[in-house]
Amino acid sequence: MKKHLVLALVALFAAAVLAPAAPAADKPPIKIGFIVPKTGNFAQFGIDMLNGFKLYLSEIDYTIAGRKIELIEEDEGATPANAVTKARKLIQHDKVHLMGGLLMAAAAYAVAPVVQEAEVPLVITVAASDDLTQRKASKYLARVSLTGGEHGHVAGDYAYRKLGWRKVAVVAMDYGWGHEVTGGFQRVFEELGGQVIQKIWTPVITTDFGPYVASLKPEADGILDVVTGAASIRLIGELRKAGVLDKKKVLAAGTATDETLLPALGDTALGVLTFLPWSQALDTPENKRFVQRIKQVTKKDYVGFSGAINYGAAMWIAEAIRQVGGDVENKEKFFKTLRATEIKSSPRGPIKVDKYGHIIQNIYIRRVDKVGSLYQNTVIDTYPAVSQFWKYNPEEYLKQPIYSRDNPPCKHC
Amino acid sequence: MEFWVNQAFNGVSYAALLFLLGGGLTLIFGVMKVVNIAHGSFYLVGGYLGVALVAATGNFYVALLASALVVALGGAVLERVFLRAVEGDDLRQMLLTMGIALFVQDACLLVWGGDPFNLRGPAYFSQSVKVAGFTFPILRLFMIGSAGVLFAVLWWFQERTRAGAMVRAAVDNAEMTEALGINVPILRMAVFALGALLAGFAGVVGSAFMGIYPGLDFEILPYAFVVVIVGGMGSLGGALAAALVLGLLDNFGKALFPEISYFTLFAPMGIVLAFRPTGLFGRA
């Protein structure tokens with residue numbers, strides 16, 4: 001009798017413990033490899049990316065369609081070769097079903113052929129470089145971040161139509177991002193009738209922007225600034241000190257006033273206009289909720305854009321997994337579904353990708369303001385559902401060479 | 001006219017920062033023959049401490065002096081504990097300082113995180129003075145002034161004091177100096193600390209000028225080495241002359257030929273090395 005009771009209790013206990021877990025236990029976890037910089041100069045970006053991505057996963061309890069998600073983090077390191085090593089490790093050793101992350105464009109270019117060969121979907125969540133989803137687009141690659149030309153087009157349109165600029169001087173970093181934003185800007189701006197009258201290419205490591213600022217042509221109506229990271233603090237500081245910001249408007253690629261830079265920029269950046277697919281101050285319920293939640297993780301007042309767009313990336317990937325019912329082993333179906341997946345609302349707005357794998361997204365025009373004791377990028381205008389090809393026909397667009405230092409050429413310099 | 005005055009002034013103020021940066025390195029180079037890769041780390045730590053101390057005390061000058069002194073102390077400890085253990089072995093010394101630099105880089109990332117900071121000096125740092133129709137930002141004037149004062153003090157110390165004579169003797173012939181009863185190891189530690197002090201000082205001034213963030217240590221290191229190589233190892237006057245030449249070249253190079261600004265900065269180093277391998281003011 002006693003024995004029966006014990007058995008019954010054991011059976012009850014076992015049923016209680018095992019029952020809810022049973023469907024999940026049927027299948028092994030879905031493995032997602034995530035490559036971001038965790039050491040070196042860009043470590044903070046990597047940490048922010050991870051924070052955003054993991055925040056969404058923790059909200060859904062790391063479970064999609066009854067299967068557990070296992071996130072395997074790897075350090076992108078400082079070189080593309082390192083990223084490739086990590087990608088190989090994730091594919092061969094961990095047997096991941098999907099790869100995400102990547103900050104540096106060079107690393108993304110290096111990893112793309114590796115995932116292509118292994119037929120593992122890669123979702124780039126930051127790295128910006130036009131050709132990753134244009135002339136060198138590959139089948140298993142999708143990107144839900146941003147890219148240079150796409151942003152330049154919007155800025156060119158805004159500068160001509162809304163700001164009424166006709167002559168523009170450009171200060172841009174002398175590498176891919178600078179070339180592409182400037183190229184996209186120049187093409188749209190000059191097709192509308194404007195003139196780029198000066199292009200100053202600054203080395204990525206520029207300690208003193210004083211001489212560049214002093215040589216800006218005074219007849220320019222406004223200035224396009226494509227300088228990012230800590231260097232942006234110096235350039236905007238110099239523009240302020242030299243009085244340029246008091247006389248003219250500066251339109252900058254959004255990372256120039258990323259929320260993570262705002263405390264260091266302080267009053268110097270007040271009034272600077274930028275364009276980016278997100279702002280901490282974006283006034284939507286989804287974004288407000290996201291900002292409140294991510295602040296609990298980071299314990300900081302300011303949230304960078306990389307956290308927000310990685311949160312959206314996680315939402316988008318999870319939705320695709322949900323739609324295939326967790327069956328990520330069927331690679332063809334999974335990747336097809338991934339590319340067709342649409343999110344109606346995320347902190348940045350809707351997310352879907354075009355047939356080349358790049359995101360179609362809202363790009364916001366923002367202005368640096370001070371509200372109370374905090375600075376913010378106030379959203380003052382929205383370009384909805386922007387394509388990386390702007391209003392051009394993709395096939396014809398792709399026949400043009402990629403934007404570079406001299407493409408389009410500076411006819412009015 | 002305004003263009004030339006502006007650019008020359010910018011160049012001289014940038015030269016001031018280069019001198020602060022390279023001056024310490026040249027002293028260490030001259031006396032210890034150590035290729036100090038950790039020099040950028042002194043700058044970095046100085047800058048971060050400066051930011052923290054300005055926030056804590058609210059006084060830029062207190063933060064400036066305190067940070068420089070803390071970095072000097074750190075330099076002394078480093079020399080005493082680590083560098084002395086591999087004395088006389090150039091390669092090991094260099095590798096050791098390299099290791100220290102990497103260690104400091106990660107430690108700073110851990111303590112201060114990866115977001116950039118801007119050191120907020122006194123309010124007047126963001127203002128300018130107008131003289132004869134030209135505008136001179138006060139921060140840049142402060143950079144020139146502090147580099148000028150430090151150069152004068154160091155020059156007086158090296159050329160006019162007994163301790164300075166000892167340092168000069170140690171640069172020329174360390175063994176003979178030791179044989180004369182001068183405590184060269186203590187001298188070395190003091191010079192290393194002095195070099196670190198200058199770098200820490202530069203870090204605070206530099207952070208007010210261009211902010212501070214991870215990786216800056218290795219970004220500014222080449223500039224420090226250019227100053228030392230062009231000026232000649234161990235020569236303060238050489239470092240000042242080299243800083244001025246480089247600061248002006250860099251400025252006019254950037255303003256007139258922006259595309260080749262690295263060339264205008266590093267080409268002089270190649271030319272000087274080709275014709276005067278010991279630098280403008282160096283002695284073989």
Side-chain angles (χ1 to χ4, degrees), chain A residues 37-48 78 171-172 174 198-216 218 228-238 240-243 258-269 298-300 302 304 405-406, chain B residues 2-7 9-11 13-14 17-18 21 51 102 105-106 109-110 112-120 125-128 135 137-140 206-220 222-223 247-248 250-256 258-262 265:
Chain A
K38 295 173 91 173
T39 53
N41 304 345
F42 300 108
Q44 190 64 45
F45 277 101
I47 293 163
D48 289 348
V171 185
D174 198 358
Q198 187 179 23
K199 288 203 256 188
I200 300 178
W201 300 114
T202 67
V204 174
I205 300 172
T206 297
T207 39
D208 187 1
F209 280 95
Y212 297 126
V213 169
S215 55
L216 281 169
T228 67
S232 166
I233 301 167
R234 295 176 213 158
L235 174 59
I236 291 177
E238 284 298 325
R240 177 65 70 190
K241 276 181 212 140
D258 189 48
E259 278 75 3
T260 51
L261 301 179
L262 286 177
L265 281 165
D267 285 344
T268 62
T298 61
K299 313 263 186 284
K300 289 182 189 172
Y302 294 95
R405 267 183 161 200
D406 304 311
Chain B
E2 194 188 346
F3 172 82
W4 295 99
V5 172
N6 265 345
Q7 297 292 11
F9 175 73
N10 278 352
S13 59
Y14 191 47
L17 189 63
L18 288 177
L21 197 61
V51 172
L102 292 174
Q105 191 177 45
D106 262 7
L109 191 65
L110 206 67
W112 284 288
D115 294 332
F117 292 98
N118 205 5
L119 191 145
R120 291 204 204 295
F125 269 14
S126 51
Q127 293 158 2
S128 1
T135 321
I138 291 177
L139 173 59
R140 285 182 186 259
S207 300
F209 178 61
M210 59 186 199
I212 187 119
Y213 52 93
L216 188 60
D217 45 354
F218 282 99
E219 277 180 25
I220 51 114
Y223 295 93
L248 288 168
D250 182 53
N251 238 268
F252 284 104
K254 276 177 181 169
L256 301 172
E259 271 83 28
I260 54 165
S261 58
Y262 271 143
L265 189 61

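Quantities reported herein were computed from a predicted structural model and do not represent experimental measurements. Quick note on labels: first sequence line is chain A, next is B, and so on, each numbered from 1.
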Asker: Report, one line per pair, each donor and acceptor closer than 3.5 Å where one atom sits in a side chain of residues 200-208 of chain A; sequence neighbours left out.
Answerer:
unit_1, atom_1, unit_2, atom_2, d
A:T206, OG1, A:P203, O, 2.6
A:T207, OG1, B:Y14, OH, 2.3
A:D208, OD1, A:G210, N, 2.8
A:D208, OD1, B:R140, NH2, 2.8
A:D208, OD2, B:R140, NH1, 3.3

Asker: I need the residue from B:S126, B:P214, B:G11 with the largest number of non-hydrogen atom pairs under 4.5 Å to chain A.
Answerer: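 Going by pairs under 4.5 Å, I would pick B:P214.
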Asker: Just wondering, more than 12 heavy atoms not from A:F45 lying within 6.0 Å of its CZ?
Answerer: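 No, the 6.0 Å shell around CZ holds no more than 12 heavy atoms from other groups.
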Asker: Between chain A and each of B:N10, B:L102, B:D250, count heavy-atom pairs under 4.5 Å; write down the option with the most.
Answerer: B:N10
Asker: What part of B:Y223 is in contact with chain A, defined as an atom under 4.5 angstrom from a non-hydrogen atom: side chain, backbone, both or neither?
Answerer: side chain
Asker: Provide the closest heavy-atom pair for A:K241 versus B:F125 in the form atom of the first, atom of the second, distance.
Answerer: CE-O, 4.5 Å
Asker: Quick one: what part of B:L119 sits under 4.5 Å from any heavy atom of chain A, side chain, backbone, both or neither?
Answerer: neither
Asker: Could you pull out the closest heavy-atom pair between B:P116 and A:L261, with the gap in Å?
Answerer: CG-CD2, 3.1 Å
Asker: Counting heavy-atom pairs under 4.5 Å with chain A, which one of B:G114, B:G113, B:G253 comes out on top?
Answerer: B:G114
Asker: Check whether A:R405 gets within reach of chain B through its side chain, its backbone, both or neither, counting any heavy atom under 4.5 Å.
Answerer: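 Contact with chain B involves the side chain of A:R405 alone.
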Asker: Name the member of B:I212, B:L17, B:L109, B:V51 that forms the most heavy-atom pairs with chain A at distances under 4.5 Å.
Answerer: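 Greatest number of close heavy-atom pairs with chain A: B:L109.
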Asker: Give the minimum heavy-atom separation between B:K254 and A:P211, together with the two atoms involved.
Answerer: CD-CG, 3.5 Å
Asker: Heavy-atom distances under 4.5 Å only: say whether B:L139 touches chain A with side chain, backbone, both or neither.
Answerer: side chain
Asker: Could you list the residues that satisfy side-chain hydrogen bond (donor to acceptor under 3.5 Å, both in side chains) with B:Q7, not counting sequence neighbours?
Answerer: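 B:Q7: no side-chain hydrogen bond (donor to acceptor under 3.5 Å, both in side chains) contacts found.
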Asker: Using non-hydrogen atoms only, which part of B:F3 is less than 4.5 Å away from chain A: side chain, backbone, both, or neither?
Answerer: side chain
Asker: Within this structure, what is the CG-CG distance for the pair A:D48 and B:D115, rounded to the nearest 0.5 Å?
Answerer: 6.5 Å
